[in-house]
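Only this structure's heavy atoms are used, side chains among them; waters, hydrogens and symmetry mates stay out. Protein chains get the first letters and strands the later ones, always in sequence-line order, with residue 1 at the start of each.
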2 protein chains.
Amino acid sequence: MSAQNRAPRAQLRDDSGVAKYRHEALAVVLQVRPETDGFVLSVLLWQRGRDPYAGRWALPSGPVEVDERIGTSVRRHLATRVELAEVAHLEQLITVSTPNRDPFERTIGTAYLGLVPWTSDPDLPPEAAWWPVADLPDLAFDHDRLVRDGVARMQAKLSYTNIGFALAPAEFTMSQLRDAYEAALGHEISVTNLQRILTRRDQLAPTGESTRSGSRGGRPAKLFRFTRHELEITDPFAVLRPDAG
Amino acid sequence: MSAQNRAPRAQLRDDSGVAKYRHEALAVVLQVRPETDGFVLSVLLWQRGRDPYAGRWALPSGPVEVDERIGTSVRRHLATRVELAEVAHLEQLITVSTPNRDPFERTIGTAYLGLVPWTSDPDLPPEAAWWPVADLPDLAFDHDRLVRDGVARMQAKLSYTNIGFALAPAEFTMSQLRDAYEAALGHEISVTNLQRILTRRDQLAPTGESTRSGSRGGRPAKLFRFTRHELEITDPFAVLRPDAG
DNA sequence: TCAGTTTTCGACTCTCAGGCGAAAACCTGT
DNA sequence: ACAGGTTTTCGCCTGAGAGTCGAAAACTGA
């Protein structure tokens with residue numbers, strides 16, 4: 001790889017001798033995308049044009065500007081480069097700092113996890129694409145690890161938070177929601193159980209309306225919505241709690 | 001405050017025009033400390049000698065060196081400045097990047113959560129001290145938020161991981177463990193329930209030995225130990241899982 | 001030996017996740 | 001209009017496991 005042959009840049013220090021580093025904002029944007037054979041959990045990737053790792057797929061990223069915090073930087077890069085403004089949830093994932101993770105210049109990176117509803121299908125530039133997380137190409141840098149961390153975080157939070165609101169559109173049927181959860185979690189889910197759990201936690205409510213049934217017949221499905229669209233923890237102390245009474 | 005009157009340093013950029021930043025490693029070191037009236041959840045603080053925030057209490061911190069990753073940097077600062085080598089658990093907590101969080105110079109900070117067994121009582125330099133988290137002084141920078149984040153993280157993980165091993169010494173009685181959990185979580189815990197839950201999860205095992213009872217009489221207590229001393233998640237999918245069988 | 005103290009352990013309750021199957025409500029063909 | 005197929009809804013059952021309680025066990029000191 002050509003980048004490895006290049007000499008690293010001289011370390012930059014301020015006038016008190018403290019080292020300073022590039023800082024990049026990274027985005028792990030996940031979506032359960034409706035494909036021909038059902039929902040597929042996918043991640044937004046970008047094909048690099050420049051070394052290092054020219055031609056390899058990588059997470060959307062960019063440098064943090066002097067007057068913005070990292071979360072703002074992530075939103076800015078997503079909005080400007082991918083026209084992705086409808087990120088329903090964004091949270092900090094992890095900061096990576098291995099000295100040679102960027103062979104050209106030391107760069108500390110902070111990755112954010114973003115979730116997009118399955119109804120969203122923004123125009124992508126030709127060098128960007130959604131990739132199924134179950135079948136990723138070789139990724140640049142340490143981005144493979146970041147994607148896996150992001151998927152694990154989302155899967156865990158699907159159990160003990162209301163984060164499903166970020167995967168779903170405003171209204172949906174229970175079958176759709178189950179299919180989305182199955183794609184996101186990677187195993188089968190019972191509609192009955194899903195509805196009961198979310199309802200009991202007061203995260204899910206029927207809108208009162210129903211869909212016309214599809215062309216294949218069947219009972220019309222009620223429409224549901226998530227009651228709140230901000231992240232909340234179901235029960236921070238799943239065990240070892242005082243009797244909730 | 002004198003720091004606010006100082007002009008910020010000029011922004012440093014490398015030769016391609018990308019801004020670069022100081023990066024500091026921060027440590028939120030928590031311990032349930034045995035005091036006269038039982039265990040008290042405390043955090044290790046440091047009284048600042050220099051502006052900004054001279055005289056205020058702050059988290060142990062220091063700059064990240066050019067050849068180390070942030071986690072290594074945290075361990076190094078703790079070892080050299082506080083002689084704290086016996087941190088039983090250390091994990092990344094959060095990265096903070098508000099542009100003016102350091103009024104003197106823009107500094108991005110990555111905080112780690114460290115846990116120390118209650119038997120550990122390292123020598124501290126005069127400017128360092130353990131502070132009860134329930135009664136903190138005004139902290140420098142945004143460190144108050146970091147402490148609260150750290151406490152919340154530890155409390156959450158006490159429920160669904162085996163992280164208790166990092167609060168306890170190698171061997172302990174169930175009463176001691178309950179007292180430690182109560183101090184850490186801030187509410188009452190039943191010994192019976194605690195023992196059954198940890199045993200069922202195969203996190204806790206009796207050593208076979210017992211303590212001499214204390215000076216106040218009472219049945220001798222069995223000694224227990226944690227079966228594993230690496231962090232493990234009890235059940236990543238507390239709900240919405242396929243039948244575990 | 002007795003009173004006091006602390007720990008241990010069995011037993012009970014109850015919440016709630018998970019699964020099953022019948023009934024409801026629609027479609028399309030005939 | 002009716003039958004057969006399909007999908008959704010809903011009530012019911014089960015079992016795991018958290019939380020509570022109280023009695024018995026095992027020690028100390030008087």
Side-chain contact check for Ile197(B): nearest option of dT8(D), dG19(D), dT6(C) is dG19(D)
Which one, dA17(C), dT9(D), dA25(C), comes nearest to the side chain of Arg200(A)?
dA17(C)
Please pick, from dC9(C), dG19(D), dG18(C), the nucleotide with the shortest atom-to-atom distance to any side-chain atom of Gln195(B).
dC9(C)
Could you tell me how far apart Leu194(B) (CG) and dC9(C) (P) are, to the nearest whole angstrom?
15 Å
Given dT6(C), dT9(D), dT20(D), which nucleotide is nearest the side-chain atoms of Met174(A)?
dT9(D)
So which nucleotide from dT9(D), dT8(D), dA26(D) ends up closest to the side chain of Phe224(A)?
dT9(D)
Tell me whether Asp149(B) is salt-bridged to Arg153(B), with the criterion being a basic N under 4.0 Å from an acidic carboxylate O.
no
Which of dT8(D), dT6(C), dG17(D) is nearest the side chain of Arg219(B)? It is dT6(C)
Do Arg69(A) and Thr98(B) pair up side chain to side chain, a donor and an acceptor below 3.5 Å, judged on atom types alone?
yes
Phosphate-side-chain proximity, Lys222(A) and dC10(D), N/O vs OP1/OP2 below 4.0 Å
yes
Give a yes/no answer on whether the side chain of Ser190(B) brings an N or O atom under 4.0 Å of OP1 or OP2 in dT20(D).
no
Tell me: CD of Glu209(A) to C1' of dT8(D), nearest whole Å?
17 Å
Under 3.5 Å, is there an N or O donor on one side and an acceptor on the other linking the side chain of Arg196(B) and the base of dG19(D)?
yes
Checking all strands, does Thr192(B) fall into the base, sugar-phosphate, or nothing category for heavy-atom contacts under 4.0 angstrom?
base
Look at the side-chain N and O atoms of Arg201(A) and state whether any lies under 4.0 Å from the OP1 or OP2 oxygen of dC16(C).
no
